[in-house]
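Since the structure comes first, as structure tokens, the remarks are kept for the end.
Computed from a predicted model, the values in this text were never measured in an experiment.
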Amino acid sequence: MSAAAIAAALLASTAADSYQALKAMEGSWIATTAHRTQTVDNRCVRTGLFLACEQAIGGKPAFLVVFLPREASARRLVFHTLTLTSAGDRPGAWRELVIEGDRWTYSALEKPRRGERRMRTVDTYSGPDHMHVEVQASANGEEWTPVASESLDRAP
């Protein structure tokens, strides 16, 4: 089944379960950049309205990401997200995740201050076992430049 077909099937199920698409990130992954390879384990549980995913990196708990559904249609899903660190740092602002097919875009909900650079993260899935993650920056919110990237493959 192609990535587009998988994404279409996931989005078609949004009427019954808007959380279905988030299950794509569940499990163990091998993350590879030009400088390192490490394991990323995502364990998610729905707690009612919220979905919470604990992420361990290299076997150590690192983040808890909370997802709150905001919009569901046949073409797109929108969630608000909040990330907590295992160090107990103060959480940042709520962010937005927009899922459109095999492309997931995480960005700030708030508009940046004048002259401040915007950042976003774009995850592109190629089937259920591979994703490419790219952090992008923009001065105007229209033209985006990659600043970091990694590839993730589902661990065997």
**Q.** Shared hydrophobic cluster for V98 and V122 (ILVMFWY, side-chain gaps under 4.5 Å)
**A.** no
Q. So, do L64 and S86 sit near enough that their side-chain heavy atoms are less than 4.5 Å apart?
A. no
(Q) Tell me if a side-chain donor or acceptor on R120 pairs with a main-chain N or O of T105 at a distance below 3.5 Å. (A) no
Q) Rounded to the nearest 0.5 Å, what separation is found between the OG1 atom of T83 and the CG atom of D89? A) 11.5 Å
Q) For V135 and Y106, what are the C-alpha separation, side-chain angles and deciding distance, and is it a side chain to side chain contact (heavy atoms under 4.5 Å, CB included)? A) CA-CA 9 Å; V135 177; Y106 295 86; over 6 Å; no
Q: Give the minimum heavy-atom separation between N140 and E142, together with the two atoms involved.
A: OD1-N, 2.7 Å
Q: List the atom of G59, the atom of T39, and the distance in Å for their closest heavy-atom pair.
A: N-OG1, 3.9 Å
Q. Which heavy atom of S18 sits nearest a heavy atom of L77, and at what distance?
A. O-CD1, 3.9 Å
Q) Between atom NE2 of H80 and atom CG of L109, what is the distance when rounded to the nearest 0.5 Å? A) 4.5 Å
Q: Would you give the length of the straight line joining atom CD of E134 to atom OG of S151, rounded to the nearest 0.5 angstrom?
A: 10.0 Å
(Q) Counting only heavy atoms not in E116 (residues, nucleotides, ligands), do more than 12 fall under 6.0 Å from its CD? (A) yes
Q.
Please evaluate residues L22 and I99 with respect to the criterion side chain to side chain contact (heavy atoms under 4.5 Å, CB included), reporting the C-alpha separation (whole Å), side-chain torsions for both, the decisive distance (0.1 Å), and the verdict.
A. CA-CA 9 Å; L22 295 175; I99 300 175; 4.1 Å; yes
Q.
Just by distance, no angles: are the side chains of S28 and D41 close enough, under 3.5 Å, to form a donor-acceptor pair?
A. yes
Q.
Give me the atom names and distance for the closest heavy-atom approach of Y19 to P69.
A. OH-CG, 3.2 Å
(Q) With no hydrogens and no angle check, just 3.5 Å: does a side-chain donor-acceptor pair link Q55 and N42? (A) yes
Q | Distance-minimising heavy-atom pair for A24 and R154 | A | O-NH2, 2.9 Å
Q.
A side-chain contact here means heavy atoms from C-beta on lying under 4.5 Å apart; do V66 and T81 qualify?
A. no
Q) What is the distance from atom NE2 of H132 to atom OG of S149, rounded to the nearest 0.5 Å? A) 4.5 Å
Q.
Would you say that E26 contacts R43 through its side chain, given a criterion of any heavy-atom pair below 4.5 Å between the two side chains?
A. yes
Q. Hey, is the main chain of G101 close enough, under 3.5 Å, to the side chain of Y125 for a donor-acceptor pair?
A. no
Q) If you group Ile, Leu, Val, Met, Phe, Trp and Tyr by side-chain heavy-atom gaps below 4.5 Å, do L49 and L51 land in one group? A) yes
Q. Do the ring planes of F67 and F79 sit parallel (below 30°), tilted (30 to 60°) or perpendicular (above 60°)?
A. perpendicular
Q: Could you pull out the closest heavy-atom pair between W29 and H130, with the gap in Å?
A: CZ3-N, 4.0 Å
Q) Where the side chain of S138 meets the backbone of E143, is there a donor-acceptor pair that is under 3.5 Å apart? A) yes
Q: Could you grab the distance from atom CD of Q38 to atom OG1 of T32, nearest 0.5 Å is fine?
A: 9.0 Å
Q. Which value, rounded to the nearest 0.5 Å, describes the distance between M25 atom CE and W104 atom CH2?
A. 5.0 Å
Q: Say whether V147 and W144 are linked into one hydrophobic cluster, either directly or through other cluster members, by side-chain heavy-atom distances under 4.5 angstrom.
A: no
